[in-house]
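Here's the structure we're looking at; comments come further down.
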There are 2 protein chains.
Amino acid sequence: MRTIRYQQIASELRERIRLAGRNVLLPSESDLSSEFDVSRVTIRRALETLRHEGLVESRQGFGWYVAGGPLQQHLGGLATIEDQLEQRGIKPERRVLEFAFQNAPPRVAAVLGTEQVLRVKRLNLADGDPFAVVTVWCPAELGHRLSRRDVEQQPFYTLLGIELRGATQTIGADAASADDAALLQVSVASPVLRCERVTTDTTGRAVLLSEHVFPAHRTEFIVELPNAAPSTTPSGLRLVDERVTPAI
Amino acid sequence: MRTIRYQQIASELRERIRLAGRNVLLPSESDLSSEFDVSRVTIRRALETLRHEGLVESRQGFGWYVAGGPLQQHLGGLATIEDQLEQRGIKPERRVLEFAFQNAPPRVAAVLGTEQVLRVKRLNLADGDPFAVVTVWCPAELGHRLSRRDVEQQPFYTLLGIELRGATQTIGADAASADDAALLQVSVASPVLRCERVTTDTTGRAVLLSEHVFPAHRTEFIVELPNAAPSTTPSGLRLVDERVTPAI
DNA sequence: GATGTAGACAAGTATAATACAAGTGCGTGA
DNA sequence: TCACGCACTTGTATTATACTTGTCTACATC
């Protein structure tokens, strides 16, 4: 039986990748081609095979590295998943579904401390595939200069023109509503990650409230705990309080 | 595998920062560049990486210093669910469902780097109500002294007799499997939070892999991002009353 | 047609070396 | 005491070199 060289190489690399950690850099294509004594084209075909399997990714001028599962969000900076997508060479697209100034629902009014708010609902896509339904509320006096096009082209937190300090984020699981399911192209009631984020400015005032809905099969959060308290139990988890108001 | 200099330097500095206190001043960029024998540009890229992670900040003309009210403190200091329960005077109950030495499935073998593992599956309850299905794998040579009763009475990490350092935790949503649904007393395919935690010892080797499945309606994560203001939701203890409804 | 080799070029990244602007801390000298 | 200058710091350029992936062409082999 004839063996096909680039498939051999692909399975050898598959084995190495299995043992390596996330984001580990592979040797360069020319190193690999001299190691396996084949041309660069053959190496590339092997690597493209692995890319197709989702095992590796590459950036021009940088190299090939081990992929980290589905879309992973690092909790740890104000940066959003959109920045992380751009860093990985995926061009995020924002499609604005709703853009309106309105009276704040009670929960929003309570958090932001104002009655008049701008509410923006967006669908975020990565390489054309929807991966998040995002609803953002911000006080009307901060949002009155924003246009629909603004929020389509830039992440929200760069548009406000004020310095932000931090955020508190809650992460929960839920079943997809009919609306969200249609937008995300998943079945109704399939599992989703539902996150709420309250962003504050340097004075500690809440200036943004946002809700993100991610389809479960495409996203997960990842938290590095360099010197965590020893435990196998996930930290930061709490039980939901029944009196917390329902839907924002 | 290739390595990139500024990433190496970043992780070396991460380690130093972990050991240093708050607001400690780092050596100047030129000191660091002569210490690591690289150019200032490379040092800056490493530092910018750490800034993005919220570990350090800088002021022009002053220097780089370890960030103030940092994320790590919060993430590291967050209480686990079990602590929360104990603080409330509720005695958490652990029911061991399975306890067996076996061959590691591929994923587990890859993470722990060994074929023979101890697998323990537990159901955690609070006041008789199940709130988590936990599966823990650890290398057989570390677990061979443990008995079934040990893991029923004490948290896993106290039993190993080795010093642990940190962890990486991923958080995702999923639909409940038939098994998990039965154990958690929810419907099949209802949403659950599925968390995986890889715990490492002081040498950085992975020694525990654990998977936790929580029913979505009773649990959510709260994460304080860098410099977050003391905000609406306390990240400490917040417990459930009996009749729970989905929040958010 | 699928597979492979060899090579060339464009575009992006990593790193070094250097220069200069601008902010900070501190001592000196009037 | 206070203003000034000096040493040192980060912030921001520019230039240059080596290396990496992305893409293309031409050609050989089975």
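A note on names: the letters A, B, ... follow the listed sequences, proteins ahead of strands, and every chain is numbered from 1.
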(request) Identify which one of B:R51, B:H52, B:R45 satisfies the side chain to side chain donor-acceptor pair (under 3.5 Å) criterion when paired with B:E48. (result) B:R51
(request) Kindly say whether, by distance alone, the side chain of B:R40 makes a donor-acceptor pair under 3.5 Å with the base of D:dG11? (result) yes
(message) Side chain of B:Q60 only, heavy atoms from C-beta on: which candidate in D:dG22, D:dG11, C:dA16 is closest?
(response) D:dG11
(message) Can you measure A:L25 atom CG to C:dA14 atom C1' for me and round it to whole angstrom units?
(response) 11 Å
(request) Using the closest heavy atom to pick a nucleotide of DNA chain C for each, name whichever of B:R59 or B:Y6 lands nearer the 5' end. (result) B:Y6
(request) Give the rounded distance in Å between these two atoms: CG of B:D31 and P of D:dT10. (result) 8 Å
(message) Nearest whole Å is fine: how far is D:dT20 P from A:Y65 OH?
(response) 17 Å
(message) Using a heavy-atom cut-off of 4.0 Å across all strands, would you classify B:R5 as base, sugar-phosphate, or nothing?
(response) sugar-phosphate
(request) Starting from P on C:dT15, measure out to CD on B:E29 and report it in whole angstrom. (result) 15 Å
(message) The side chain of B:I4 is closest to which nucleotide in this list: D:dT10, C:dA14, D:dT20?
(response) C:dA14
(request) Quickly, which of A:N124, A:V134, A:V133 forms a side-chain contact (heavy atoms from CB on, under 4.5 Å) with A:H212? Name it, please. (result) A:V134
(request) Figure out the CZ/C1' separation between B:R45 and D:dT12, and round it to whole Å. (result) 15 Å
(request) Tell me which nucleotide among D:dG22, D:dG11, C:dT5 gets nearest to the side chain of A:V38. (result) C:dT5
(request) Could you tell me whether A:R107 and A:E196 make a salt bridge, using a distance below 4.0 angstrom between a side-chain N and a carboxylate O? (result) yes
(message) Would you say that A:D180 contacts A:V192 through its side chain, given a criterion of any heavy-atom pair below 4.5 Å between the two side chains?
(response) no
(request) Choose from C:dT5, C:dG25, D:dG22 the nucleotide whose nearest atom is closest to any side-chain atom of B:F62. (result) C:dG25
